[in-house]
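Take a look at the structure below.
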Amino acid sequence: LKLLDTDGDGRVRAPEVLAAVSWTCSLLKDPGELLKRSRGLPLAAIDDSTEEGRRILAEARRILENLGKQGEAVITAEETADTQKIFAGTRFNGDGVVPPASAADAGVAKAIEDMMSCVGAVADRSGADGIDQALCDRFFAEAADFLSWWAEAETDAARILPLGEATMQAAEILAAVKPKIDDYFTRTHLAAFDTRAADLLNPAEADYAALALKTLSATTDELAAFPVAHVAPGRPLPLREGLNPRWAGALAAFREAVAVPLLGNIDVLTQDQWAEIGARFAAHSAWYAGQRGKAVAPLGLPRVKELVSGGTKTAINALIAQDTELGDEAQTIEAVDRLLHYYQHLDTLLHNFVPLRDFYTPGLKAVFQAGTLY
């Protein structure tokens with residue numbers, strides 16, 4: 001019924017039925033074959049005296065060949081219904097989607113996998129995930145933005161990349177501890193402002209009592225809210241000793257990746273030194289906030305440069321074009337599927353739609369009796 005409903009309005013009308021009858025009869029050597037209501041269509045019944053008939057006959061044979069049934073004389077609707085099986089062993093199937101397996105070159109196949117990890121994938125007729133022209137164009141547009149954004153940093157590396165190639169990783173480590181270090185120094189300022197505040201700004205006895213009967217570790221969640229170190233008026237932040245266990249590892253990473261490279265081999269951090277680190281990373285933070293090409297960022301700068309400059313785009317565009325050229329074959333498969341359904345069921349429909357034979361035959365039910373008559 002869906003095949004008959006060519007205008008997609010949810011109704012099968014007389015002109016659509018007449019068109020289906022005319023088309024089916026034009027493709028059969030003997031239209032009387034329709035009266036057999038056979039499950040399978042003999043290939044010999046297809047009229048190959050016309051261009052369309054020859055094309056459909058050739059495609060029917062190709063379908064059987066792809067399904068491992070080369071030489072079969074009959075094809076069924078079950079064999080044309082599963083396009084995933086039909087196209088499973090082919091590199092191209094006419095839908096404009098290229099999975100990694102479509103590429104004969106291992107480098108191009110890996111590039112398609114990398115692109116899919118960044119911009120997503122669509123399923124092709126074989127059921128495999130791949131990329132189409134829209135996703136390919138999106139990837140390389142994102143890549144161009146990403147490289148342009150990085151070029152800004154490389155042009156002004158002294159300001160934007162204060163630690164060179166290690167700046168990105170250092171910035172991530174810095175971002176992880178910045179709120180707690182800001183919190184610590186704010187607390188020390190409050191304690192200096194009013195010495196009575198110091199005891200209140202450190203964990204209270206009740207806070208420790210709540211932990212007393214628990215099994216504790218450096219990852220205990222309750223410790224995350226405690227200050228990173230004991231708060232006292234004007235006290236520098238220790239980077240090695242006397243640290244909140246929950247933050248000791250993060251501060252050790254901060255010391256090695258950020259503080260030591262910028263300030264030397266220090267074991268404590270003063271408020272002024274903390275401000276200096278912030279100033280050294282200010283340009284980087286502003287640059288990073290305007291990041292472009294985020295979709296491809298997980299691949300890393302070297303890989304993105306490799307994909308953009310290595311002829312990958314040309315190779316993948318060629319694959320997509322090669323696949324798209326087989327679109328006519330895919331349409332012919334759909335025509336074979338349509339012919340098989342009509343061959344098997346059109347006579348049944350006509351006898352329920354025109355003379356109502358099934359309705360008037362004792363012991364049979366008509367198609368429309370499956371519903372409710374209003």
Please tabulate, one pair per line, all N/O donor-acceptor pairs under 3.5 Å involving side-chain atoms of residues 172-180, not counting sequence neighbours.
{"residue": "Lys178", "atom": "NZ", "partner": "Asp182", "partner atom": "OD2", "Å": "2.8"}
{"residue": "Lys180", "atom": "NZ", "partner": "Ala224", "partner atom": "O", "Å": "3.2"}
{"residue": "Lys180", "atom": "NZ", "partner": "Phe226", "partner atom": "O", "Å": "3.0"}

Can you check whether [X] reaches [Y] side chain to side chain, under 4.5 Å on heavy atoms?
X: Leu223; Y: Leu211; result: yes
X: Ile316; Y: Phe139; result: no
X: Pro238; Y: Leu243; result: yes
X: Thr220; Y: Arg246; result: no
X: Leu34; Y: Cys25; result: yes
X: Trp150; Y: Val304; result: no
X: Leu41; Y: Leu28; result: yes
X: Leu301; Y: Met168; result: no

Applying side chain to side chain contact (heavy atoms under 4.5 Å, CB included), name anything that partners Asp132, two or more places apart in sequence or on another chain.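 Applying side chain to side chain contact (heavy atoms under 4.5 Å, CB included) to Asp132 gives Val97, Val122, Ala134, Leu135.
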Asp267: which residues meet the side chain to side chain contact (heavy atoms under 4.5 Å, CB included) condition with it, sequence neighbours left out?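 Partners of Asp267 under the side chain to side chain contact (heavy atoms under 4.5 Å, CB included) test: Arg240, Arg255.
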Regarding [X] and [Y], does a basic nitrogen lie under 4.0 Å from an acidic carboxylate oxygen?
X: Arg13; Y: Glu16; value: no
X: Glu52; Y: Arg338; value: no
X: Arg11; Y: Asp9; value: no

Audit row: Glu334, Asp337, side chain to side chain contact (heavy atoms under 4.5 Å, CB included) steps and yes/no: CA-CA 5 Å; Glu334 293 176 0; Asp337 185 60; 5.5 Å; no
Given Asp358 and Phe368, is the side chain to side chain contact (heavy atoms under 4.5 Å, CB included) satisfied, shown in steps? CA-CA 10 Å; Asp358 288 355; Phe368 67 79; over 6 Å; no
Check the pair Asp95, Asp323 against side chain to side chain contact (heavy atoms under 4.5 Å, CB included), reporting the backbone distance first and the verdict last. CA-CA 7 Å; Asp95 60 0; Asp323 186 272; 3.1 Å; yes
Run the numbers on Leu269 and Leu263 for side chain to side chain contact (heavy atoms under 4.5 Å, CB included), then give the verdict. CA-CA 9 Å; Leu269 181 72; Leu263 304 174; 3.9 Å; yes
Please set out all donor-acceptor pairs under 3.5 angstrom arising from side-chain atoms of residues 288-298, sequence neighbours excluded.
{"residue": "Arg292", "atom": "NH1", "partner": "Glu152", "partner atom": "OE2", "Å": "3.3"}
{"residue": "Arg292", "atom": "NH2", "partner": "Ser148", "partner atom": "OG", "Å": "3.3"}
{"residue": "Arg292", "atom": "NH2", "partner": "Glu152", "partner atom": "OE2", "Å": "2.9"}

Tell me the salt bridge (charged side-chain N to carboxylate O under 4.0 Å, His left out) pairs involving residues 111-123, sequence neighbours left out?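 Pairs touching residues 111-123 that pass the test: Lys110-Asp114, Asp114-Arg303.
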My understanding is that only residues two or more places apart in sequence, or in another chain, count here; which of them pass salt bridge (charged side-chain N to carboxylate O under 4.0 Å, His left out) with [X]?
X: Glu51; answer: Arg54
X: Glu33; answer: Lys36
X: Asp272; answer: none
X: Asp7; answer: none

Geometric class of the His284/Phe281 ring pair [parallel <30°, tilted 30-60°, perpendicular >60°]: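 The rings of Phe281 and His284 stand perpendicular, inter-plane angle above 60°.
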Phe359 and Ala366: which non-hydrogen atoms are nearest, and at how many Å?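 That closest heavy-atom pairing would be CB-CB, 3.8 Å.
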Under the side chain to side chain donor-acceptor pair (under 3.5 Å) rule, collect the residues that match up with Lys214, sequence neighbours excluded.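 Testing Lys214 for side chain to side chain donor-acceptor pair (under 3.5 Å), a comparison that skips the adjacent residues, returns Glu222.
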Among residues at least two apart in sequence or on other chains, which ones pass side chain to side chain donor-acceptor pair (under 3.5 Å) with Gln133?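 Partners of Gln133 under the side chain to side chain donor-acceptor pair (under 3.5 Å) test: Asp137, Asn317.
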List for me each residue that meets ring-ring contact (aromatic ring centres under 6.0 Å, His included) alongside Trp247, sequence neighbours excluded, and say none if there are none.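 Partners of Trp247 by the ring-ring contact (aromatic ring centres under 6.0 Å, His included) criterion come out as none, since no residue qualifies.
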